[in-house]
Amino acid sequence: MKTLLVTGGCGFIGSNFIRYMLDKHPDYMIIGIDALTYAGNPENLKSIEDNPNYRFFRADIRNRNMIEQIFAFYTIDYVVNFAAESHVDRSIKEPDVFLTTNILGTQVLLDAAKRQWRLHPGNKYDRSYRDGVRFHQISTDEVYGSADDGEKFTEESPLRPSSPYSASKAGADMVAMAYRRTYGLPVTISRSSNNYGPYQFPEKLIPLIIINCIYDRPLPVYGDGLQIRDWLHVNDHCRAVDMILHSGKDGDIYNIGGDNEKANIDIVKQIIHTLGKSEELINYVEDRPGHDRRYATDSTKIETQLGWSRNHSFEQGLEECISWYLDNMGWVKRIVSGEYRRYFETMYG
Ligand code: NAD
Ligand code: TYD
């Protein structure tokens, strides 16, 4: 029986990951923690809330006291840190919380893991840890910045983050690697491309467009709409993180890409056509400042070293995703009527 601490477990990827792990490793104990910011929705985990192998704590990863109490109470083997402020547009408006949560919150977790896992905590130079423990930091391909034509990011590509969000994620990666190098803490990092799938908060492109389309609302497309993202199904991401957790090499970084580059406008049109709506809903709006033109991720390392591959084609994955939102309009309505609507109004008027 292993105990896994998942932070940000009520968000989009974290909630999909917890469901995936309980299904794949039914003997694992999962401790989910989440501050329940606007993006954290306990309803995302309703289907497993009575599972005896799942416990939830409302906790902010910046709250050192609380995080240390959780580490002291449970014998944690693995940490997977999803908790983050995750939306680029919000980071442009309010960068402060991105730096405190994404960098300082990660440091609080690294400190707590180091303290609990160290075999000789009294010796400050001790680099030996309990067997089988690992801290996995969830990063993003956005730390590499905008890709030039023909370029694909490898794990060795330089970090050139453009937004306060991606800069804060790059900062967290650096801190995690510094804990590995200085204190010997067993750390791995993964950098995935843009995810899509069920339970994604509708501030991100795909759920925003699906939901606006359903309600016949304008579909905001930034600039010329020709920016490229590399889309990955959230379940393929979850499977990759599971593989890294169990078979990844200590101290290594793994890119996880969708091998599926699409221009934003093509995605918007695909959703419009699937839902049988009109392209007249498309509304070109002012571009995002510092907008990265293209992301392209090379996943050769995780494919060749860990045997990971994608199970979902984008065409089928997007259709299933659209069906999920249509089948879960209660979930959608509760979000659209709340905080999200106020945010939508300040962002888009
Ligand atoms: P999300 O915004 O849906 O979820 C983030 C979760 O973290 C929310 O539940 C929120 O309540 C929680 N959280 C925020 N601040 C917290 C704090 N201080 N303490 C505890 N919990 C806090 O984001 P997501 O899309 O699920 O992304 C999860 C992780 O994956 C992030 O680290 C993000 O950088 C990374 N990532 C996301 C994508 C993507 O396409 N969504 C791609 C690559 C990497
Ligand atoms: P987003 O989902 O915010 O992810 P990220 O910026 O982290 O890649 O945006 C994906 C792309 O879609 C990005 O190029 C910005 C663009 N976009 C729009 O054109 N309109 C929108 O309303 C949103 C939210 C994003």
Side-chain angles (χ1 to χ4, degrees), residues 6-17 32-42 44-45 57-63 66-67 80-92 97-98 100-102 104-106 108-109 137-143 146 162-163 165-166 168-169 172-173 190-197 199-209 212 218-234 237-238 241 255-258 262-265 267-268 282-288 290-295 297 344 347-348:
V6 179
T7 72
C10 293
F12 163 48
I13 310 176
S15 61
N16 278 285
F17 181 72
I33 66 171
D34 200 296
L36 300 183
T37 67
Y38 77 94
N41 184 354
N44 294 356
L45 287 172
F57 293 93
R58 182 170 190 178
D60 190 314
I61 59 169
R62 293 167 296 183
N63 184 335
M66 196 154 174
I67 296 302
V80 181
N81 181 27
F82 288 98
E85 290 292 337
S86 68
H87 189 36
V88 173
D89 294 323
R90 284 181 190 257
S91 85
I92 294 166
V97 69
F98 283 74
T100 62
T101 283
N102 298 1
L104 299 180
T106 299
V108 167
L109 294 166
Q137 173 65 10
I138 300 291
S139 184
T140 164
D141 67 352
E142 299 193 27
V143 296
S146 198
S162 306
S163 68
Y165 162 68
S166 51
S168 69
K169 295 296 289 184
D173 287 11
S190 55
R191 295 179 177 150
S192 101
S193 58
N194 285 60
N195 284 215
Y196 71 98
Y199 298 102
Q200 187 167 26
F201 193 82
E203 62 185 354
K204 306 280 167 60
L205 181 73
I206 288 185
L208 177 94
I209 297 298
N212 280 16
L219 311 177
V221 173
Y222 298 167
D224 61 8
L226 296 177
Q227 305 84 0
I228 289 173
R229 297 293 181 265
D230 172 16
W231 293 95
L232 173 72
H233 194 279
V234 66
H237 185 186
C238 293
V241 173
N255 283 349
I256 313 168
K262 300 272 181 212
N264 293 339
I265 189 66
I267 301 229
V268 171
I282 293 173
N283 181 27
Y284 286 94
V285 297
E286 199 182 328
D287 206 353
R288 170 190 280 173
H291 199 169
D292 285 332
R293 192 71 179 163
R294 173 171 169 258
Y295 297 140
T297 310
F344 186 90
M347 286 305 294
Y348 301 115

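Counting from 1, the numbers follow the sequence of the chain as shown. Indexing begins at 1, ligand by ligand and atom by atom, following the structure's order.
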Item to check | Residue, atom name and distance, where the atom is the protein heavy atom closest to atom 19 (N) of ligand 1 | outcome: I61 N, 2.9 Å
Next on the checklist: Checking the N or O distance criterion of under 3.5 Å, is ligand 1 in contact with Y165?
Outcome noted: yes
Checklist entry - Considering distance alone, does some N or O of I33 sit under 3.5 Å from an N or O of ligand 1? => result no
Checklist entry - Which atoms of ligand 2 have any heavy atom of N194 under 4.0 Å away? => result 4 (O), 5 (P), 8 (O)
Checklist entry - For S86 and ligand 1, does the shortest N/O to N/O distance drop below 3.5 Å? => result yes
Item to check | P218 backbone acceptor or donor facing N212 side chain under 3.5 Å | outcome: yes
Next on the checklist: Are any of the N/O atoms on N195, whether in the backbone or the side chain, positioned under 3.5 angstrom from an N/O atom of ligand 1?
Outcome noted: yes
Checklist entry - Which of these, A84, A59, G14, G11, has its nearest heavy atom closest to atom 7 (O) of ligand 1? => result A84
Checklist entry - For C10, does its backbone N or O pair with a side-chain atom of D34 as donor and acceptor, under 3.5 Å? => result yes
Checklist entry - Where does L208 meet ligand 2, judged by heavy-atom distances below 4.0 Å: at the side chain, the backbone, both, or neither? => result side chain
Checklist entry - Within a strict 4.5 Å, meaning less than it, do heavy atoms of the I228 and R293 side chains meet? => result no
Next on the checklist: Do N81 and I138 make a side-chain contact, defined as non-hydrogen atoms from C-beta onward lying under 4.5 Å apart?
Outcome noted: no
Checklist outcome for this item: The closest protein heavy-atom partner of atom 20 (C) of ligand 1 is A35 N, 3.2 Å
Next on the checklist: Would you say D141 and S193 are linked by a side-chain donor-acceptor pair, where the criterion is simply a distance under 3.5 Å?
Outcome noted: no
Item to check | Steps toward side-chain contact (heavy atoms from CB on, under 4.5 Å) verdict (I209, I267) | outcome: CA-CA 9 Å; I209 297 298; I267 301 229; over 6 Å; no
Checklist entry - Quick one: does T297's side chain have a donor or acceptor within less than 3.5 Å of a partner on N255's backbone? => result no
Checklist entry - Hey, is the main chain of S146 close enough, under 3.5 Å, to the side chain of R294 for a donor-acceptor pair? => result no
Next on the checklist: So if I count the atoms of ligand 1 from 1 in the order they appear, which ones are less than 4.0 Å from some heavy atom of R62?
Outcome noted: 18 (N)
Checklist outcome for this item: So the atoms of ligand 2 within less than 4.0 Å of a heavy atom of H87 turn out to be 3 (O)
Checklist outcome for this item: Looking only at protein heavy atoms, what sits closest to atom 35 (C) of ligand 1 is I138 CG2, 3.7 Å
Checklist outcome for this item: Of all protein heavy atoms, the one nearest atom 32 (O) of ligand 1 is K169 NZ, 2.6 Å
Next on the checklist: Considering non-hydrogen atoms of the protein only, which is the closest contact for atom 9 (O) of ligand 1, and what is the distance?
Outcome noted: D34 OD2, 2.6 Å
Checklist entry - Is a side-chain N or O of Q227 found less than 3.5 angstrom from the main chain of Y222, in a donor-acceptor match? => result yes
Next on the checklist: Show the atoms of ligand 2 that are less than 4.0 angstrom away from any heavy atom in E203.
Outcome noted: 24 (C)
Checklist outcome for this item: heavy-atom search around atom 31 (C) of ligand 1 in the protein gives F82 O, 3.2 Å
Next on the checklist: Evaluate D89 for polar contact with ligand 2, using N/O atom pairs at a separation under 3.5 Å.
Outcome noted: no
Next on the checklist: Between ligand 2 and R229, is the shortest N or O to N or O distance under 3.5 Å?
Outcome noted: yes
Checklist outcome for this item: Nearest heavy atom to atom 17 (C) of ligand 1, choosing from N44, T106, D60, belongs to D60
Checklist entry - Can you check whether E203 has an N/O within less than 3.5 Å of an N/O in ligand 1? => result no
Checklist entry - What is the nearest protein non-hydrogen atom to atom 26 (O) of ligand 1, stated with its residue, atom name and distance? => result I13 N, 2.8 Å
Checklist outcome for this item: R58 and L36 have their tightest heavy-atom pair at NH2-O, 3.5 Å
Checklist entry - Is N194 close to ligand 1, meaning an N/O of one under 3.5 Å from an N/O of the other? => result no
Checklist entry - How does I206 reach ligand 2, by side chain, by backbone, by both or by neither, if only non-hydrogen atoms under 4.0 Å count? => result neither
Next on the checklist: So, regarding W231 and ligand 2 (criterion: nitrogen or oxygen to nitrogen or oxygen, under 3.5 Å), is there a contact or not?
Outcome noted: no
Checklist entry - Which atoms of ligand 2 have any heavy atom of V88 under 4.0 Å away? => result 6 (O), 7 (O)
Checklist outcome for this item: The atoms of ligand 2 lying under 4.0 Å from a heavy atom of V221, numbered in the order shown, are 19 (O)
Checklist entry - Going by the order shown, which atoms of ligand 2 are within less than 4.0 Å of some heavy atom of K204? => result 2 (O)
Checklist outcome for this item: Note: ligand 1 atoms sitting under 4.0 Å from heavy atoms of L36 are 11 (O)
Checklist entry - Run the side-chain contact (heavy atoms from CB on, under 4.5 Å) check on N194 and I206 step by step: do they pass? => result CA-CA 10 Å; N194 285 60; I206 288 185; over 6 Å; no
Item to check | Pair H87-F201, side-chain contact (heavy atoms from CB on, under 4.5 Å): steps then yes or no | outcome: CA-CA 10 Å; H87 189 36; F201 193 82; over 6 Å; no
Item to check | T101 N/O under 3.5 Å from ligand 1 N/O | outcome: yes
Item to check | atom 25 (O) of ligand 1 - nearest protein heavy atom and its distance | outcome: F12 CD2, 3.7 Å
Checklist entry - What are the atoms of ligand 1, with element, lying closer than 4.0 Å to any heavy atom of S192? => result 42 (C), 43 (C)
Next on the checklist: Residue-level breakdown please: for L205 versus ligand 2, do any non-hydrogen atoms fall below 4.0 Å on the side chain, on the backbone, on both, or on neither?
Outcome noted: both
Checklist entry - With a 4.0 Å cut-off on heavy atoms, does G105 reach ligand 1? => result no
Checklist entry - Are any of the side-chain heavy atoms of E203 and D89 separated by less than 4.5 Å? => result no
Checklist entry - Would you say S168's side chain and Y165's backbone share a donor-acceptor pair under 3.5 angstrom? => result yes
Next on the checklist: Closer than 4.0 Å to some heavy atom of H291 - which atoms of ligand 2 meet that?
Outcome noted: 13 (C), 14 (O), 15 (C)
Checklist entry - I13 and Q200: side-chain contact (heavy atoms from CB on, under 4.5 Å), yes or no, with the steps? => result CA-CA 8 Å; I13 310 176; Q200 187 167 26; over 6 Å; no
Checklist entry - Under a 4.5 Å cut-off applied to non-hydrogen side-chain atoms, are P220 and L208 in contact? => result yes
Item to check | Numbered atoms of ligand 2 (with element) below 4.0 Å of E142, judged on heavy atoms | outcome: 5 (P), 7 (O), 8 (O)
Checklist entry - Can you find an N or O of S193 that's nearer than 3.5 Å to an N or O of ligand 1? => result no
Item to check | Check: T7 side chain, F82 main-chain N or O, donor-acceptor pair, under 3.5 Å | outcome: yes
Next on the checklist: Is there a polar contact between ligand 2 and Y295, counting only N or O atoms under 3.5 Å apart?
Outcome noted: no
Checklist entry - Looking at A59 and I33, what are the two nearest heavy atoms and their distance? => result CB-CB, 4.3 Å
Item to check | Face-on cation placement of R229 at Y196 ring, 6.0 Å and 45° thresholds | outcome: no
Checklist entry - Taking both backbone and side-chain atoms of A83, is any N or O found less than 3.5 Å from an N or O belonging to ligand 1? => result no
Checklist entry - So, Y295 and E142: side-chain donor and acceptor under 3.5 Å apart, yes or no? => result yes
Item to check | Heteroatom proximity flag, Q227 to ligand 2, N/O under 3.5 Å | outcome: no
Next on the checklist: For a 4.5 angstrom cut-off between non-hydrogen side-chain atoms, does V97 reach R62?
Outcome noted: yes
Next on the checklist: Could you tell me, atom by atom, which parts of ligand 1 come under 4.0 Å of a heavy atom of C10?
Outcome noted: 9 (O)
Item to check | Sub-4.0 Å heavy-atom contact, S15 with ligand 1 | outcome: no
